[in-house]
Amino acid sequence: MESSSSKITDEIRAEASRLLSSGEVAAFLGFVPGSLPMTVRPFVARSSEDAARLVWNSFCVMNLANYLPEVLKSVEPPRGPGDPEPEGPLPRVGVLATGCWSRNMVVQIQENRIQRDRVVILGISSRGMVDRKKVLARLGGREALKVEEQDHSLLVSGRAFNEEIPRWEVVRDNCRSCVHPDPVIWDIMIGERAGDRQNANRFAQVEEIESLAPEERWAWFQEEISSCIRCYACRNACPLCYCPTCFVDDSRPQWVGKSIEPVDTAIFHILRAYHCAGRCTDCGACESACPMGIRMRLFTKKLEKDVLEMYGAEAGMDPETPLPLSTFSPDDPQDFIVTGQESPKSTGDEAGRSGEVSQS
Amino acid sequence: METKKWEPRIVAFLCNWCSYAGADLAGVSRYQYPPSLRIIRVPCSGRVSANMVLDALKSGADGVLVSGCHPGDCHYISGNMYARRRLALLKSLLEFIGIEPERFNVSWISASEGKQFAEVAREVTEKVRALGPARHLVKDF
Amino acid sequence: MKVYKISREGLDKWIKHWTESYDVFGPVEKNENGMTDWAEVKGLDEISTAPGTTKQPIKTFYLPQPETLFTFTSRGGEPDSDVLKETLDEGRPRVLFGVRPCDARSVTLNGLAYEEDPYYMANVERTLLVGVSCREQCGTCFCRWVGGSPFGTEGLDILLIETEQNFVAEALTDRGVSLVEAGGGAREASGEDLAMVESMRQEAEQAMSAMPDTAETLRSKDLMSMYNADFWGGLSESCINCGACTFLCPTCYCFDIQDEVVRKKGRRIRYWDSCMFPLFTQHASGHNPRGQKVQRVRNRFMHKLKYFPDRFGPVSCVGCGRCIRECPVNIDIREVLRDLLGVE
Amino acid sequence: MAAPKGSVLVVGGGIAGVQAALDLANSGFYVHLVESTAAIGGRMAQLDKTFPTNDCSACILSPKLVECGRHLNINLLTLSDVESVEGEPGAFRVVVRQRPRYVDTEKCLACGTCAEKCPKKVPDDFNLGLGKRKAVYLRFPQAVPLKYAIDPEYCIYINKPGRCGMCAKVCPTGAINLEDTEKKHVLDVGAVILAPGFSAFDPSVLDYTGYGRFPNVVTSMDFERLLSPSGPTEGHLQRPSDKKEPKRIAWLQCIGSRDINRACHGYCSSVCCMYAIKQAVIAREHAGKDVSADIFYMDMRTHGKEFEAYYNRASDEGIAFHRARVHTVSPAADGDLVLRYADEQGRVREEEFDMVVLSVGLELDSRALDLAGRLGVALDADNFIATDTFRPVVTNRPGVYVCGAASEPKDIPQSVMEASAAALEAQRLLHGARWQETRTKEFPPERDVHAEPPRIGVFVCHCGINIAGVVDVKDVTEYAKGLPGVVIAQDNLFTCSQDTIDQMAKTIREHGLNRVVVASCTPRTHEPLFQETLREAGINKFLFEMANIRDQDSWVHQNQPEQATKKAKDLVRMAVAKVARKQPLPYNSVPVFKSALVVGAGVAGMSAALSLADQGFPVTLVERKDRLGGHAVKFYRTWQGAEVKPFLENLSRQVLSHENINVRFGVTVSDVEGSVGRFHTTLSDGSALDHGVAILAVGAESYKPGKGTFARDASSPWGRETFFHGARPDVYTLLELDQVFIKDPSSLSGANQAVFIHCVGSRIPERPYCSRVCCTHAIDQALKLKELNPDMDVIMLYRDIRTYGQREKLYQEARAKGILFVRYDLDHLPKVGEEGGGLVVQAHDPVLDMDVRFNPDFLVLASAVRPRDDVGGLAKLFKCALSEDNFMLEAHMKLRPVDFATDGVYLAGLCHYPKPMDEAIAQAQAAAARAATVLSRDEVPAESVTAEVDTRKCTGCGVCVRICPYHAVSPDPALRVAVVDTGLCKGCGACVAGCRSDAITLKNMGNEQILAAVDAAMEE
């Protein structure tokens, strides 16, 4: 029986081919198979021949929105800085989008990174992508030489072993906690929309950490980031990390040291996460890209939880709703404000108003 | 007599119009508080970025205080409102990764609240003093 | 070269003896996904026997991240203010136990570029390498394409070959011989042992696909036609310009230098840089000769596979396969190598 | 009148004269400021601290004096007296006699060598004879002009030519001119402002005080000098007899005030209650918490803004208040003093004190009396310069105005208000000659320091003992010398004094400094002064930084000198690190839209509008109701006895017919954009207008106890008392009774008894302030009742009678006419009930210590004036603040009483604080005068510290565009980056902190500067 992924693959090929050959799009962003099991390679198809190579499977973990601004620019007629926008509509680009990717595109539209009318979105309701590292962990060091995907399991084989792994067990954490699998914006829907997932306990991982004592949390954080090599794969895999000069590269001021000393690594991860506050759509690309297995998604997930709880906002759900950090409400929660009411009472030298002691 | 106890060092970013004036008023009214604060005047609490707070901690501050006008009183209309969101999220994130909540403080102090300023200074200082010197995000070599 | 035979228990004793005068490091299982990485060890049982390479290459021992080159203070007023003081680390000698031949080769290759660097050479001096041959090759291994071998000895002080019951230890350098002696309890290998090792070596090499004379072929090719080849554009399109490949590569050795000042205490550090990063070649003026992603991707491969061989002879790649394994977007250097070799 | 002169004569260099001079000079007029002593500053310069903020008097005054001394359009004539004023309004000819100074002010460097060598020690009149000075002297350390003078009364040479002459021999610059002679100046001016100030009452005539006989009995002015760091004891509190620190101090109130028997002054001096409390608070600050402070008073008159809270705080701190009049001060052993007094119950008590301070009253100086005579200016019954209820700064002589304590005893803010009001009258008279006689200031070209490495000068201020008493200033200065980039570090007694400032400019030039740090007080008050010094020295003024080692160090760590010194070093190091990274900034300006918006058409609003319209500035007057006049239409008469109605009708007529006034009825302000010079305001009807300034005069409300409960807080001492107000026709508020006086006074003639209850809704925890006007208003009404029916019993139930100033005469008259005053306090509140259809009021008489009952025909409630509930919304639109009492909060309670902290917005009338009509008019005129300093200009300075985009880092994401509260950032569609309009940018930096890419920064307040300070703060 044909798997759902291969059905989607066929539809993608057909639509991409149609869009490219009709000239509706100048390029189409998708994936082609990778050179290793459980890998795919992001790919820009520019012809219907290219389109025939496209593939969709459970290993499409990179967020294609990351490539959109660059690919959009690549199809524009060349112009110098300060030259006016060319007359007439610019060429368009087709792209695949699941729920989180489409929301990411919404944020990019809000931030003037991409123009809605220049992208043709092929929407796909995501069933969740597989975490390659989880599969490797289950193999305990045995090398997977071949992985075959079925709707509900993966058939893994290597030197002298065959193993069937239930798919949902190795799905990425972000996908397991996803509540919006359907695209928010799309032009052509591939397959059916699945509707929001009601029962996913989306913040379970965060709550588990929140329940720890401060010192335990610090120990967890240190352990989590201890293997970081500062390769910035997380940053570069993120479509929202697009600053021309990242704060890590500023030298005046030097916000963060460049090496892998724990303080530097900590500040890098704190600020990287913070810069995604209210913008991150939990696509999980950062975690998937990390060669060292760091779960930096937890930091952004915590912020996602806070933004939802404090400001009732979820990134990328609506292009008309301002991003949470560029707006405010007069009634925003502020129970963290220090008032001095817990100030210790007068204790000699440095407390109270000079001359406060009553007459003797 | 000078008391000999460990004095934490707290970087205080105070907005020029309310909190810095409140700190001045504490002085004018001679409200005494511990000599732990190193006040840095900024135009508005809205000027204070997460980066700045982290930089203060990285530089060795045992605590950080950001103080601005009360909501609605901002000299620049709404700077403190943006600050409130930014700093709330930063504070939450720092606590999440295990930074003691008492290290990073936000307050609203108006120009007429000299006494309150001294009280906040005392409260923040004593809380930080109880924690001891900062370790977690301090850059040293 | 002297060849010894040593039991598993004997090896454990070696390590225990060595720890008296050396810091001994070995591949240790770090987390549940089966990956190993370098850590200090006190005995053989801590060391992973999993096939393949560690997560990180051994360049971390030669090019620490960061390496302090100088220290200074900038307090003003004081006589030594703003004066740089050299800090050459001549720390305790160390033994890396269980180094794969490909990784060991990287020390020699990098040494070609760093032979005049006192910091690097000091680390070479203080680091002894005890290798272990590869009986199984991984899907990403390709040392035989770039002049290496699963039984290669280049860069090693000792190569261990696991036989059915015991280990054969080839002491390749004087340092290796002293190490064996310091470890004690080894017997000289018999002719039988030597013959067995030789047949294992041939078997392992024949099991791997090989590409002979890669460096010579690449050196002979026209640089500009390689530079202008049209596959670069398509290749770079999927790249996200992170540094995973370069930072995990044993032979990527590029660095940047920066002064760090905290509370007026300063140090000048050397830390890893990556040609994948836009800042890598950015000039003070803001101009960047490799401002485009395609230029950076091309440079990474051209440096390894053309500029380095042209200058030093061998290719600057040991075929460990880490970059293939860890690239988030599956860029595969083997495809690039094939493409380059195909350039006319 | 022919074209008027563009110059104004201001007589008197006290705070009132200085303020009037500055307002005029800053609005296009040339000012001759005539001062009889050797330096300006007046009485305020002699004060230690000022109530209710406890600001250091010299510190807040000094910048104004310096500004005055340096102002290009103020001609300072010290040691001068006005001999005659001839002519007409618009064209007076003034003769001024300037006594010889015997020191050439061009040459004198104020080095002090002359005084050091002068052999003649004489009593120091600035210190009221408590200390000595030399015959050649500087009036006080921050004197402006900072030039020595020789006192001819004592100088040996001048009295016996040929003898001494030491000063001339030692003067390094040859500035001494012992042959100096009197000069006569003939000045042509358009108007004259009299601000001759007051003299303190001399209590020697009051034998019972012991003043003059017992050394430890001093006047309050003496005591100010004893507290002052620049005084004879350098701020160490010592009593005169033995220099011992007094531990028991008593203040006797109303010395020379409210005393028609012995002192011949019936009026209240208005300020003494507050200054006595302040002195008690400060004395304990100086001499320790174990000092006892006892104040003997009749009524505690804390009727000003924030005064009552100050009084309450002092009381809580343990200062003892005795409602008792001391009848003798007699000597005890060792210079101590025994006070005999009768307490409220008439029991005679004796108490011993180390020192007694006489809270002396204010009177017009005899020289001012003479001057008034020479100028033909009329005096009132109390020998103050007479003014009119509705024209509070206008004298009987046209073109001659008066301000400050010369027309009635008053405090500093009131004097400052009147000074601006007097400036307004001159502006109004002379507006045709604006900018005709002024000069413009040229600064030297600024040196380009971009390429220079930092060469920093550090100036560390002692501030008398304010800083040096706690912080080791020398140590801090030495430390500063070793900091990176510091070329020179100096310490100064008062860095803000004219000589230090001049020296600073010289030092900048001589040492080629390109950056300056001043470690002293707060930049909020002193930064502009020092910045101008930089400009004068040819350096961009933004290459400056202050270290606040007083307000935020020495004053808050008074008991930790070591720690405070360490902190001072840290603060200096931070400032040095920050200034080293600053760059020169441009001086931006904004064109001025020359029209005004006045909100509120009550008396204050109308007065303000007319004041500007008469000068030719178009005014839009916005009134939420459909009529003019506000609450004034409900008033019967002012306390001076003038009926309000005719005045109001005349005022309304003028407003409605004025060609420059556009009255908009039935609208409110709904939105405000822009800033000083270019406000854009939208009204509730949707219409919009552009204006350069705004004056808020939205008034207040009368508290009506019958409407709702008395207190929202059930813990209020009054509980839920409503006094049957609103429920019974025979219970009135003051304004309701005024309505009866206006409409049907005879209806009250038949009444036999009336009871007034004072402080209804005031001076309670819920509304702690005093409503200021009600005592006077109630007593005036009581008198009116007596006019209607001399046999009527009128009973006043009061807490303190606060008929301040000349209002006291109403109180005297009331008592003379048999009006009964029964005091109550919060522990013994009057109770109001009904009995047989009538009212019954029960009170406790504290003198008789028994309950008394009244069955009045009607009850009058002296109810509070309370702020309007909606005032906060309007304030917010203009980015202005409210005080804790919800009145509008001025920029500085002492010296900027009509300005808001927001430039170009001013306030007047009851929205500021409860006040009688004359004061409201004066404040409205003051607001107009201040507004005219903007409207008279073509452009006003704009923010220089603005945001700046680094286009290489900007991604055009638009966060800053969305965040900016001023719409100063917009996207550039072509370049896809953000662009800042520096004219709109206010420099808040919200965009900077919002930018993830570090692409937008705030000039000189960027991450680089701030982080340098952070890093320096953390350095050991």
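Letters A, B, ... are given to chains in the order of the sequence lines, protein chains preceding strands, and every chain is numbered from 1. Keep in mind that what you see is a predicted model, and the values were worked out from it rather than measured.
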B:Arg41/D:Glu545 salt bridge by N-O under 4.0 Å criterion: no
Can you name the nearest heavy-atom pair linking [X] to [Y], along with the distance?
X	Y	value
D:Tyr966	B:His75	OH-O, 3.4 Å
D:Arg524	B:Asn16	CD-O, 3.8 Å
D:Ala993	B:Arg86	CB-NH1, 3.3 Å
B:Ile40	D:Met574	CG1-CE, 3.5 Å
B:Pro35	D:Gln563	CG-CB, 3.6 Å
D:Val1014	B:Ser59	CG1-OG, 3.9 Å

Which one wins on heavy-atom pair count under 4.5 Å against chain B: [options]?
options	answer
D:Gly989, D:Cys995, D:Cys988	D:Cys988
D:Thr902, D:Asp570, D:Asp1015, D:Val945	D:Asp570
D:Lys566, D:Arg996, D:Lys986	D:Lys986
D:Ser883, D:Pro523, D:Gly994, D:Ala1013	D:Pro523
D:Val992, D:Asp998, D:Ile963	D:Ile963
D:Gly987, D:Ala881, D:Cys880	D:Gly987

At a heavy-atom distance under 4.5 Å, which candidate from [options] has the highest pair count against chain D?
options	value
B:Ala61, B:Cys74, B:Ala121	B:Ala61
B:Leu25, B:Asp55, B:Val11	B:Asp55
B:Ala23, B:Gly79, B:Ser78, B:Ala50	B:Ala23
B:Gly46, B:Ser49, B:Ser110	B:Gly46
B:Ala83, B:Gly114, B:Gly60, B:Cys69	B:Gly60
B:Ile77, B:Asp62, B:Asn80	B:Ile77

Of the backbone (N, CA, C, O) and the side chain (C-beta and beyond), which part of [X] lies under 4.5 Å from a heavy atom of chain B, both, or neither?
X	result
D:Leu1002	side chain
D:Arg962	backbone
D:Met1005	both
D:Glu1019	backbone
D:Lys567	both

B:Phe13 portion near chain D, given a 4.5 angstrom heavy-atom threshold: side chain
[X] side chain to [Y] backbone, donor-acceptor under 3.5 Å:
X	Y	answer
D:Gln552	B:Leu37	no
D:His557	B:Gln32	no
B:Arg38	D:Ala1017	no

Separation between CE of B:Met52 and CG of D:Leu1011, rounded to the nearest 0.5 Å: 7.0 Å
Full working for side chain to side chain donor-acceptor pair (under 3.5 Å) between D:Asn1007 and B:Arg47: CA-CA 10 Å; D:Asn1007 292 325; B:Arg47 170 67 189 86; 3.0 Å; yes
